[in-house]
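The sequence lines fix the lettering, A, B, ..., with proteins before strands; numbering per chain opens at 1. Side chains included, hydrogens not; waters and symmetry mates left out as well; all remaining heavy atoms used.
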Number of protein chains: 2
Amino acid sequence: MPNNQFRRGELYSFITGMASTAIARRLQKNFKQEGIEITIEQWSVLYHLWKTDGISQQELCNASFRDKPSITRLVDNLEKLKLVKRFPSQTDRRSNMIMLTDAAKKLQEKTMELAAKTLNEALEGVNASDVETAKKVLQQVYDNLK
Amino acid sequence: MPNNQFRRGELYSFITGMASTAIARRLQKNFKQEGIEITIEQWSVLYHLWKTDGISQQELCNASFRDKPSITRLVDNLEKLKLVKRFPSQTDRRSNMIMLTDAAKKLQEKTMELAAKTLNEALEGVNASDVETAKKVLQQVYDNLK
DNA sequence: TTTAATTAGTTGCATAACTAACTATATGCC
DNA sequence: GGCATATAGTTAGTTATGCAACTAATTAAA
């Protein structure tokens with residue numbers, strides 16, 4: 001018998017991800033309040049490029065846990081916003097290098113600040129060691145299912 | 001200074017909800033494997049109707065943490081699938097009562113089973129008391145931001 | 001070396017989300 | 001009663017996701 005059998009009625013918010021939905025909405029709101037007009041999904045792509053600029057779309061797929069069509073279109077939209085640019089890879093003609101523009105580089109500091117602020121709003125009044133436990137559990141869930 | 005200041009680089013999966021995305025994808029896959037052709041979002045609406053049949057769209061909004069247009073279209077699609085039916089409220093002519101069909105009632109047991117199974121897959125190897133802690137944290141996050 | 005299989009990326013279709021604007025009904029206030 | 005405001009639901013436009021089918025380039029195998 002499984003260790004963590006859920007009682008019925010307890011599973012809804014876990015499955016539907018109401019907490020992370022709430023975090024995403026709040027972050028979006030905090031972006032807007034500061035005049036930053038990108039979506040959370042676009043931000044999450046920029047996030048990986050800030051760590052490593054010039055990676056391929058496939059690498060963005062792996063890093064951001066999205067499929068290829070999603071990345072194609074996110075990169076399309078980021079390109080329209082002049083936040084990234086596709087360059088053909090020198091070594092593999094199937095592959096694109098996605099490069100940040102200066103405008104995108106300028107977004108890093110402020111948006112990371114807002115992300116940290118949003119998380120602090122989210123975790124107001126939550127015991128720090130419980131947060132660590134929750135992070136560990138969510139990481140394990142991800143590893144179990146990915 | 002906030003108690004739970006996140007160090008940069010730690011926040012990504014928390015904000016983007018990678019764990020709950022993974023859970024939703026797995027549940028969708030488990031539905032499909034059993035020949036159940038509804039989306040997780042549709043299931044989450046049915047979930048509330050199984051608890052209380054005949055509630056209004058507005059009540060579905062509150063319960064499922066969605067806005068009105070989202071519920072309008074989810075109910076549209078559920079109606080197309082002949083899983084629910086709109087009835088005009090007797091007391092308020094602006095309002096609809098959303099009623100389950102027999103076909104939808106038949107889906108309850110199997111899909112709840114699959115949801116529990118999916119969560120057990122997700123939480124494989126996770127300490128039960130850590131799961132309780134995680135649930136508590138996520139609930140607090142939701143309450144902080146909703 | 002020519003063919004088969006894999007990989008990178010794109011496109012099309014269906015579903016869903018958010019915002020804003022809209023209609024219709026109900027409620028509150030004078 | 002009559003007008004302002006609030007509430008229930010719908011519609012339109014943009015962005016995003018998942019899946020399947022597709023092109024082009026690369027790698028592996030016969």
Nearest whole Å is fine: how far is [N] [atom2] from [X] [atom1]?
X	N	atom1	atom2	result
Glu41(A)	dA16(C)	CD	P	17 Å
Leu74(B)	dC18(C)	CG	P	11 Å
Leu81(B)	dT15(C)	CG	C1'	11 Å
Glu37(B)	dC19(D)	CD	P	12 Å
Arg26(B)	dT17(D)	CZ	P	20 Å
Lys68(B)	dA12(D)	NZ	C1'	16 Å
Arg86(B)	dG9(D)	CZ	C1'	8 Å
Ile40(A)	dC18(C)	CD1	P	12 Å

**Message:** Around atom NZ of Lys146(B), are there more than 12 heavy atoms from other residues, nucleotides or ligands closer than 6.0 Å?
**Reply:**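 Check passes, neighbour count above 12.
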
So, is [X] close to the [N] phosphate, meaning a side-chain N or O under 4.0 Å from OP1 or OP2?
X	N	value
Asn77(B)	dA14(C)	no
Gln57(A)	dT7(C)	no
Thr39(B)	dA16(C)	yes
Ser95(A)	dT7(C)	no
Arg25(B)	dC19(D)	no
Gln42(A)	dA16(D)	yes
Arg66(A)	dT17(D)	yes
Ser70(B)	dA16(C)	no

**Request:** May I ask you to decide whether Arg86(B) forms a salt bridge with Glu79(B), counting only side-chain N to carboxylate O separations under 4.0 Å?
**Result:** yes

**Item:** Electrostatic pair Glu121(B):Arg26(B) at N-O distance under 4.0 angstrom
**Value:** yes

When all nucleic acid strands are considered with a 4.0 Å heavy-atom cut-off, which category describes [X]: base, sugar-phosphate, or nothing?
X	result
Ile71(A)	nothing
Thr72(A)	base
Ser89(B)	nothing

**Item:** Stepwise salt bridge (charged side-chain N to carboxylate O under 4.0 Å, His left out) check, Glu37(A) with Lys32(A)
**Value:** CA-CA 6 Å; Glu37(A) 299 285 347; Lys32(A) 193 157 204 177; 5.3 Å; no

**Message:** So if I take every side-chain heavy atom of Asn96(B) and compare against dT10(C), dG9(D), dA17(C), which nucleotide ends up nearest?
**Reply:**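 So the nucleotide nearest the side chain must be dG9(D).
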
What ring pair (Phe, Tyr, Trp, His ring centres under 6.0 Å) pairs are there with at least one residue in [range], not counting sequence neighbours?
range	answer
residues 102-146 of chain B	Phe65(B)-Tyr142(B)
residues 108-131 of chain A	none
residues 71-108 of chain B	none

**Message:** Quick one about Ser20(B) and Ser20(A) (side-chain donor to acceptor, distance below 3.5 Å, no hydrogens or angles considered), yes or no?
**Reply:** yes

**Asked** Taking only residues two or more places apart in sequence or in another chain, which ones pass side-chain contact (heavy atoms from CB on, under 4.5 Å) with Asp130(A)?
**Response**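 Expected list: Val126(A), Asn127(A), Thr133(B), Lys136(B), Val137(B).
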
**Message:** Against Asn96(B), only a single residue in Gln57(B), Gln58(B), Lys85(B) fulfils side chain to side chain donor-acceptor pair (under 3.5 Å); can you say which?
**Reply:**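 Single side chain to side chain donor-acceptor pair (under 3.5 Å) partner of Asn96(B) among Gln57(B), Gln58(B), Lys85(B): Gln57(B).
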
**Fill in**
Terminal axes of the helix from dT1(C)-dA30(D) to dC30(C)-dG1(D) (5 end pairs apiece), angle rounded to 10 degrees, sit apart by 10°

All N/O contacts under 3.5 Å from nucleotides 19-25 of chain C to the protein, with atom names and distances to one decimal?
| unit_1 | atom_1 | unit_2 | atom_2 | d |
| --- | --- | --- | --- | --- |
| dT25(C) | O2 | Arg94(B) | NH1 | 3.3 |

